[in-house]
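Below is one structure, written out as structure tokens; the observations come after it.
Reminder, nothing fancy here: chain letters follow the sequence lines and each chain counts from 1. Hydrogens, waters and symmetry mates are skipped; everything else that's a heavy atom, side chains included, is used.
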Protein chains: 4
Amino acid sequence: MGTKATAGKTRERILDVSLAMFNDRGEPNVTTNHIADELEISPGNLYYHFRNKDDIVEHLFARYENSIDLAIVPPIDRLPTLEDIWMQLHKAFETMWEYRFIYRDLVDITSRNRKLRMHFARIIKRATANANEVLKGLTTAEIMRASRAEIEATATNIILVATFWMSFNSVRGGQLEKGSEDLTQGIFQVMMIIAPYLRDAERLHLNNLALTYVR
Amino acid sequence: MGTKATAGKTRERILDVSLAMFNDRGEPNVTTNHIADELEISPGNLYYHFRNKDDIVEHLFARYENSIDLAIVPPIDRLPTLEDIWMQLHKAFETMWEYRFIYRDLVDITSRNRKLRMHFARIIKRATANANEVLKGLTTAEIMRASRAEIEATATNIILVATFWMSFNSVRGGQLEKGSEDLTQGIFQVMMIIAPYLRDAERLHLNNLALTYVR
Amino acid sequence: MGTKATAGKTRERILDVSLAMFNDRGEPNVTTNHIADELEISPGNLYYHFRNKDDIVEHLFARYENSIDLAIVPPIDRLPTLEDIWMQLHKAFETMWEYRFIYRDLVDITSRNRKLRMHFARIIKRATANANEVLKGLTTAEIMRASRAEIEATATNIILVATFWMSFNSVRGGQLEKGSEDLTQGIFQVMMIIAPYLRDAERLHLNNLALTYVR
Amino acid sequence: MGTKATAGKTRERILDVSLAMFNDRGEPNVTTNHIADELEISPGNLYYHFRNKDDIVEHLFARYENSIDLAIVPPIDRLPTLEDIWMQLHKAFETMWEYRFIYRDLVDITSRNRKLRMHFARIIKRATANANEVLKGLTTAEIMRASRAEIEATATNIILVATFWMSFNSVRGGQLEKGSEDLTQGIFQVMMIIAPYLRDAERLHLNNLALTYVR
DNA sequence: TATGAATGAGAATTCATTCAT
DNA sequence: CATGAATGAATTCTCATTCAT
């Protein structure tokens with residue numbers, strides 16, 4: 001009792017600390033010894049719980065995949081509203097922020113690991129399909145007007161902007177990461193891709209929000 | 001004489017070969033010994049010409065910065081047309097493709113090197129400002145209609161999509177890289193951000209192109 | 001009760017499974033965790049029953065020593081026949097095959113463990129003495145003709161060939177191990193060391209067998 | 001100048017020291033760091049000269065293969081004599097002794113490395129064929145009398161005894177290795193496999209030698 | 001300019017063994 | 001008897017970088 005770890009505790013701590021360190025410094029810059037040091041456990045113990053470093057990454061990714069899958073479920077049995085989109089984006093950006101290390105070195109990580117590559121491609125495909133559905137729903141609900149081609153291109157752009165918003169933000173300089181406020185701007189940027197397709201009322205509404213968010 | 005290198009020749013070859021290898025395998029996966037091997041020179045000689053690996057990266061980046069600066073100069077003394085945008089995007093995407101290694105590991109590279117970080121931020125800022133100018137010009141020319149807030153958000157989105165198009169493409173799976181055709185789709189995706197703001201004629205034109213390009 | 005192990009049961013299972021795994025993959029390539037895994041017990045439990053890995057090896061060796069001691073007892077109170085030799089070799093080779101892991105890494109194992117070194121030397125000494133006895137017996141029975149010096153050298157050769165037959169077979173390539181047939185050839189090879197000392201009738205008999213066995 | 005290594009010197013020193021240490025302690029018990037330490041060079045330098053530990057082993061093996069190939073060339077254009085056999089065995093045993101680490105862990109080494117496995121099998125095949133030739137030659141020269149089947153079995157036994165003589169010697173205890181005298185006994189043991197097939201004069205000659213060598 | 005041998009601090013991973021429960 | 005988490009020294013190998021020539 002006390003400092004002694006109970007079942008599964010260390011395993012979870014490894015994942016938690018790894019996640020924090022990966023998010024902080026980037027996965028390629030965090031070694032398994034760093035992680036063990038930070039946890040004050042031996043490297044051997046870390047390898048008792050995970051086969052190798054990639055195993056840790058894969059488990060974190062699986063966690064992420066579960067979360068993001070929940071975040072991008074479209075409303076069932078009714079047409080979507082703009083509010084739904086705000087909500088979905090919020091949940092998605094939150095989740096992505098939690099696992100931002102994946103996005104920081106996305107190309108490198110997916111090119112090194114076949115499993116992650118396949119799963120990430122699946123997430124993108126699913127997210128794009130969902131975006132498409134939602135846009136179609138908005139059109140059916142006559143909240144926006146767009147051709148089929150416009151909807152397709154727009155869905156892709158939405159996912160691209162969402163996927164790389166955090167990277168873009170860190171890369172365009174200024175302050176490094178202040179978290180929530182930046183995310184909100186990311187959400188707003190995505191909304192602004194849809195904006196011009198909206199009816200005047202909604203478009204005006206977004207325009208006013210813009211004054212608050214755009215940097 | 002004969003095999004003797006003329007002034008600056010080896011130096012340039014190092015840059016050329018490094019660029020090719022970085023683009024091919026990603027900068028983190030290319031060691032200085034790989035480069036020397038490929039060039040059939042000694043590692044010592046490589047370090048005679050460049051202080052360290054980052055020095056090579058920085059020089060390549062400087063090259064890139066020059067090229068991209070030329071690519072994103074707006075037309076002077078007249079209002080821009082849609083054709084201008086196609087042209088600019090083409091030049092920009094070509095240049096980015098030439099130096100695609102920068103974009104493959106963008107966050108990692110910029111986060112570990114202050115100089116690159118500052119310079120890349122400057123490029124983004126400049127590109128965004130230029131996009132802003134062009135959009136304003138299109139508005140003045142009454143080719144498109146958009147509020148100031150919409151223009152700002154759209155400029156940012158344009159730069160973001162352009163910046164990460166190649167990454168997005170490699171990360172969403174499917175075929176790896178077939179080059180020019182993918183770039184064309186990237187350009188198209190950028191255009192589709194502007195599309196809904198255009199007058200009907202131009203909008204329709206883009207929509208028709210969509211049928212060809214969107215995947 | 002029920003799943004509860006009876007006294008000595010786990011201990012025996014450890015020995016049995018270790019033997020099987022050592023034979024299969026070679027002792028140096030089997031870790032204590034492999035063994036525990038295979039047994040579906042904990043490594044801690046394994047170390048409750050045995051002080052360390054070498055302790056397991058030593059116990060297996062003791063088992064082997066008992067078996068082989070039984071196999072190489074010469075016929076008492078009568079002179080040996082060729083049939084006796086076939087029988088003895090059969091029993092010896094069977095026993096060695098059962099504990100073939102010892103022979104696979106013989107030098108390594110005996111050089112790092114004093115106890116095993118002494119015991120194995122004893123086995124060799126005993127086996128050689130026995131071979132000597134038998135050859136002398138055959139000579140007395142006038143089944144073969146050989147000088148004392150020839151008998152001594154031949155006894156040593158017999159033991160050497162028997163000791164390393166399995167290694168030789170695996171090392172000279174061809175098929176890996178098909179077990180019984182290979183053993184039979186080993187026995188035959190040993191017999192052929194004796195052959196030229198035999199009377200014509202027996203020598204001819206062995207020669208005919210040769211056509212079947214030699215590869 | 002002086003302690004500075006000239007071209008190829010370090011490479012050869014690595015091979016020489018590795019060989020000495022492998023022979024001494026057995027290849028599995030010598031780490032690359034041990035070797036570097038002994039040589040007073042950095043591990044990095046060792047890996048500059050050889051791709052990995054196996055690369056060192058393979059180069060030593062190649063050296064050995066060259067030497068042994070020279071040792072087992074049969075006399076051309078005339079029938080062999082017993083003297084030829086003594087000479088050949090001498091050369092072969094000397095060479096094997098020089099590279100005795102190969103024989104110490106023969107099964108382990110060849111089972112881990114495909115290349116060595118193939119090459120060693122080739123050596124055995126070649127040596128056996130050569131033994132066969134020589135025995136046939138002796139028969140033709142009427143120095144010995146043996147059937148074809150006897151020759152085949154005897155050739156195999158000769159190679160087996162030669163291959164494992166050193167292992168047998170270290171494993172049967174007594175003093176560990178005193179080198180040359182042990183080798184001479186090994187040669188003698190091989191000769192004693194041939195002895196009973198010889199004409200009386202030669203057989204007697206060998207018998208007398210026996211009194212000196214057999215332990 | 002150029003060579004190429006050399007460095008050395010790590011990186012990931014393994015494995016016999018221990019120990020609190 | 002049994003668990004299973006934990007240890008830590010060791011092992012192979014890498015790579016940016018230096019330096020005598």
Side-chain angles (χ1 to χ4, degrees), chain A residues 1 3-11 28 30-36 39-55, chain B residues 3-11 28 30-36 39-56, chain C residues 3-11 28 30-36 39-56, chain D residues 1 3-11 28 30-36 39-55:
Chain A
M1 199 208 88
T3 58
K4 190 63 178 63
T6 27
K9 196 126 164 222
T10 298
R11 196 165 206 281
V30 177
T31 75
T32 50
N33 280 340
H34 285 154
I35 299 170
L39 283 160
E40 297 185 87
I41 66 174
S42 63
N45 195 12
L46 190 149
Y47 278 85
Y48 171 77
H49 289 286
F50 294 93
R51 288 202 320 283
N52 49 41
K53 196 187 172 191
D54 255 35
D55 195 22
Chain B
T3 59
K4 193 66 175 56
T6 0
K9 192 132 168 223
T10 299
R11 203 181 151 77
V30 177
T31 74
T32 50
N33 280 333
H34 285 154
I35 300 171
L39 282 161
E40 296 183 271
I41 67 172
S42 63
N45 194 12
L46 192 150
Y47 275 83
Y48 170 81
H49 289 287
F50 293 93
R51 289 199 327 280
N52 50 39
K53 196 186 174 190
D54 254 34
D55 195 20
I56 298 176
Chain C
T3 59
K4 192 68 174 55
T6 1
K9 192 131 168 222
T10 297
R11 202 181 153 75
V30 176
T31 74
T32 51
N33 279 332
H34 284 154
I35 300 171
L39 282 160
E40 297 184 88
I41 67 173
S42 64
N45 194 12
L46 190 149
Y47 276 82
Y48 171 81
H49 289 286
F50 293 92
R51 290 201 323 282
N52 50 39
K53 196 186 173 189
D54 254 34
D55 195 20
I56 297 177
Chain D
M1 205 207 84
T3 58
K4 191 62 180 61
T6 27
K9 197 127 166 223
T10 299
R11 195 164 207 280
V30 177
T31 75
T32 51
N33 280 342
H34 286 154
I35 300 171
L39 283 160
E40 299 185 88
I41 65 173
S42 64
N45 195 12
L46 191 149
Y47 278 86
Y48 171 75
H49 290 286
F50 293 93
R51 288 203 319 283
N52 50 41
K53 196 188 172 190
D54 254 35
D55 194 22

In chain order, what residues pass the salt bridge (Lys or Arg N to Asp or Glu O under 4.0 Å) check against Asp54(A), with sequence neighbours excluded?
-> none

Calculate the interatomic distance between [X] atom [atom1] and [N] atom [atom2]; express it in whole Å.
X        : N       : atom1 : atom2 : result
Ile35(D) : dT11(F) : CD1   : C1'   : 12 Å
Leu39(A) : dA6(F)  : CG    : P     : 10 Å
Arg11(A) : dG4(F)  : CZ    : P     : 14 Å

Taking all non-hydrogen atoms of both residues into account, name the closest pair between Lys53(D) and Val30(D) and its distance.
-> NZ-O, 2.9 Å

Kindly give the heavy-atom pair with the smallest separation between Ile41(C) and Leu46(C), and that separation in Å.
-> CD1-N, 4.0 Å

Tell me whether the OP1 or OP2 atom of [N] has a side-chain N or O from [X] closer than 4.0 Å.
X        : N      : value
Tyr48(D) : dA5(E) : yes
His49(D) : dG4(E) : no
Ser42(B) : dT3(E) : yes
Thr10(C) : dA2(F) : yes

Hey, which sits more toward the 5' end of DNA chain F by its nearest nucleotide, Leu46(A) or Leu46(C)?
-> Leu46(C)

Which letter, B, S or -, goes with each nucleotide of nucleotides 10-15 of chain E from 5' to 3', with contact meaning a protein heavy atom under 4.0 Å?
-> -SSBBB

Contacts of Asn33(D) that satisfy side-chain contact (heavy atoms from CB on, under 4.5 Å) - sequence neighbours left out = Thr31(D), Pro43(D)

Contacts of Asp55(C) that satisfy side-chain contact (heavy atoms from CB on, under 4.5 Å) - sequence neighbours left out | Phe50(C), Arg51(C), Asn52(C), Glu58(C), His59(C)

The nucleotide from dT7(E), dT3(E), dT1(E) with an atom nearest the side chain of Ile41(D) is dT7(E)

Would you give the length of the straight line joining atom CD1 of Ile56(C) to atom CZ of Arg11(C), rounded to the nearest 0.5 angstrom?
-> 9.5 Å

Beyond-backbone contact of Tyr47(A) with Thr32(A), side-chain heavy atoms, under 4.5 angstrom | yes

Dot-bracket pairing map - DNA chain E, Watson-Crick plus G-U, both contacts under 3.5 Å, | cross-strand | .||||||||||||||||||||

